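Below: the structure, in structure tokens.
Keep in mind that this is a model prediction, so the values were computed, not measured. Index from 1, following the sequence.
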Amino acid sequence: MKFRLDPFPKFSETALAGLLNARILIFSIVVAKITLDRLYKYAMIVNPLGYDADGEPSLDILEYQNPWTSDQVYMTLNSYGSKGRQAYLTYLFYDCIFVLARTVPMCVICTWAYKKAPASARPGVWVPVLNLITDLFENLLITVLIKLFPARIQALELLTAYVIQFKWVTFMASIVVMFISLFVGIYYGFHSLLADSVVLEKDRQKKAASREKVQEVLKNSAARRATAAAAGRSQSMNKKDT
């Protein structure tokens with residue numbers, strides 16, 4: 001069995017065939033932009049102090065604070081207050097839409113760029129899809145914790161912290177694969193153009209050689225006809241002399 005970076009090649013091919021559409025890509029990018037604006041809006045309601053060093057709004061909420069313990073998760077949710085936690089639920093709704101929309105172009109980039117690469121070197125879509133699943137599961141866990149608040153389930157809080165960490169690992173892996181895919185796409189695109197130019201040059205040379213052969217045949221045929229005509233005139237003149 002040959003080694004493959006993509007354990008689900010059929011799924012990747014199906015995803016590329018279904019998503020490689022200009023309308024789908026444009027729609028997903030527009031939806032991602034609209035929902036991202038909504039995320040910033042509700043993040044500021046969840047955490048009104050969430051500004052960066054330049055005074056610009058930031059997504060300074062639980063999933064961006066990299067918690068490692070159940071207490072960190074609980075204390076962060078507790079600090080938002082009732083209004084903040086309700087705003088967080090709306091934030092999570094838009095985050096699900098954003099993640100789905102964002103994943104579409106990521107999957108296309110991670111597969112389309114490798115169409116001409118060896119099958120064993122194609123990463124497929126499983127990394128961004130794994131990030132999608134992890135992100136949605138994270139949103140579900142946070143939603144459950146908010147619904148249960150102020151009651152605590154420490155195991156669930158700890159699981160949420162670990163899922164958040166794993167979400168960021170898969171997200172960074174998706175970004176790395178996507179940027180490598182861009183360079184791979186450029187490389188194979190240039191390689192394909194170079195190969196096509198070589199093929200076109202060979203075709204041009206073959207056509208030129210064929211034309212030369214045709215011209216040579218025509219010249220030889222004309223020469224034979226001229227020789228035959230001259231021989232015919234010579235014979236007719238000899239008969240007249242006799």
Side-chain angles (χ1 to χ4, degrees), residues 19 22-110 125 127-150 156-157 159-179 181-182:
L19 299 176
R23 292 181 180 179
I24 293 177
L25 289 173
I26 293 173
F27 177 76
S28 64
I29 293 172
V30 171
V31 170
K33 176 60 174 66
I34 293 173
T35 51
L36 182 61
D37 292 339
R38 294 278 183 170
L39 292 181
Y40 274 95
K41 174 184 176 181
Y42 282 98
M44 295 310 300
I45 299 175
V46 175
N47 183 10
L49 301 178
Y51 290 90
D52 59 20
D54 298 325
E56 296 294 330
S58 65
L59 299 175
D60 188 15
I61 54 178
L62 175 61
E63 58 192 278
Y64 290 89
Q65 295 174 356
N66 297 320
W68 279 103
T69 66
S70 59
D71 288 338
Q72 286 178 317
V73 172
Y74 183 83
M75 294 306 296
T76 300
L77 293 177
N78 183 58
S79 67
Y80 297 150
S82 177
K83 179 181 177 181
R85 287 190 294 273
Q86 290 302 313
Y88 207 161
L89 292 175
T90 305
Y91 172 95
L92 293 172
F93 169 75
Y94 284 110
D95 189 49
C96 290
I97 299 175
F98 170 74
V99 172
L100 289 168
R102 178 197 69 190
T103 304
V104 172
M106 293 179 69
C107 288
V108 171
I109 292 173
C110 292
V125 300
V127 176
V129 169
L130 178 61
N131 174 250
L132 167 66
I133 295 172
T134 306
D135 210 328
L136 294 177
F137 185 49
E138 170 201 88
N139 289 346
L140 174 63
L141 290 174
I142 297 175
T143 300
V144 171
L145 291 177
I146 293 175
K147 291 291 187 179
L148 292 175
F149 198 90
L156 195 61
E157 294 167 356
L159 176 61
T160 302
Y162 289 159
V163 170
I164 290 174
Q165 299 298 331
F166 184 67
K167 187 270 299 274
W168 288 116
V169 171
T170 57
F171 177 74
M172 295 305 298
S174 299
I175 295 298
V176 170
V177 172
M178 187 173 65
F179 274 101
S181 299
L182 292 174

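- Partners of D37 according to the side chain to side chain contact (heavy atoms under 4.5 Å, CB included) rule, which considers only residues two or more places apart in sequence or in another chain, are K33.
- Taking every heavy atom of both residues into account, L25 and P105 meet most closely at CD2-CA, 4.1 Å.
- In terms of the side chain to side chain donor-acceptor pair (under 3.5 Å) criterion, residue partners of Q65 (sequence neighbours excluded) are, by chain and number, D60.
- K41 pairs by the salt bridge (charged side-chain N to carboxylate O under 4.0 Å, His left out) definition with nothing, not counting sequence neighbours.
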For residues 134-147, please give each side-chain donor-acceptor pair under 3.5 Å, one per line with the distance, not counting sequence neighbours.
| residue | atom | partner | partner atom | Å |
| --- | --- | --- | --- | --- |
| T134 | OG1 | L130 | O | 2.7 |
| E138 | OE1 | K167 | NZ | 3.1 |
| E138 | OE2 | K167 | NZ | 2.9 |
| N139 | ND2 | D95 | OD2 | 3.0 |
| T143 | OG1 | N139 | O | 2.7 |

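- Distance check, rounded to the nearest 0.5 Å: CD1 of I34 to CG of L39 gives 12.0 Å.
- With sequence neighbours excluded, the residues that form a side chain to side chain contact (heavy atoms under 4.5 Å, CB included) with W168 are Y64, N66, I164, F171.
- Residues I61 and A43 share a closest heavy-atom pair of CG2-O, 4.1 Å.
- In this structure, I97 CD1 and R38 CZ are separated by 10.0 Å, a value rounded to the nearest 0.5 Å.
- Residues A32 and A101 share a closest heavy-atom pair of N-CB, 3.8 Å.
- Screening residues 75-88 for side-chain hydrogen bond (donor to acceptor under 3.5 Å, both in side chains), with sequence neighbours left out, gives no hits.
- Nearest heavy-atom pair, P150 versus Y74, reported as atom, atom and distance to 0.1 Å: O-OH, 3.2 Å.
- Heavy atoms from other residues, nucleotides or ligands lying under 6.0 Å from CZ of F149 number more than 12.
- At distances below 3.5 Å, not a single donor-acceptor pair connects side-chain atoms of E157 with backbone N or O atoms of T69.
- Looking only at side-chain heavy atoms (C-beta outward), L62 and P67 come within less than 4.5 Å of each other.
- In this structure, CZ in R23 is found 14.5 Å from OG in S28, a value given to the nearest 0.5 Å.
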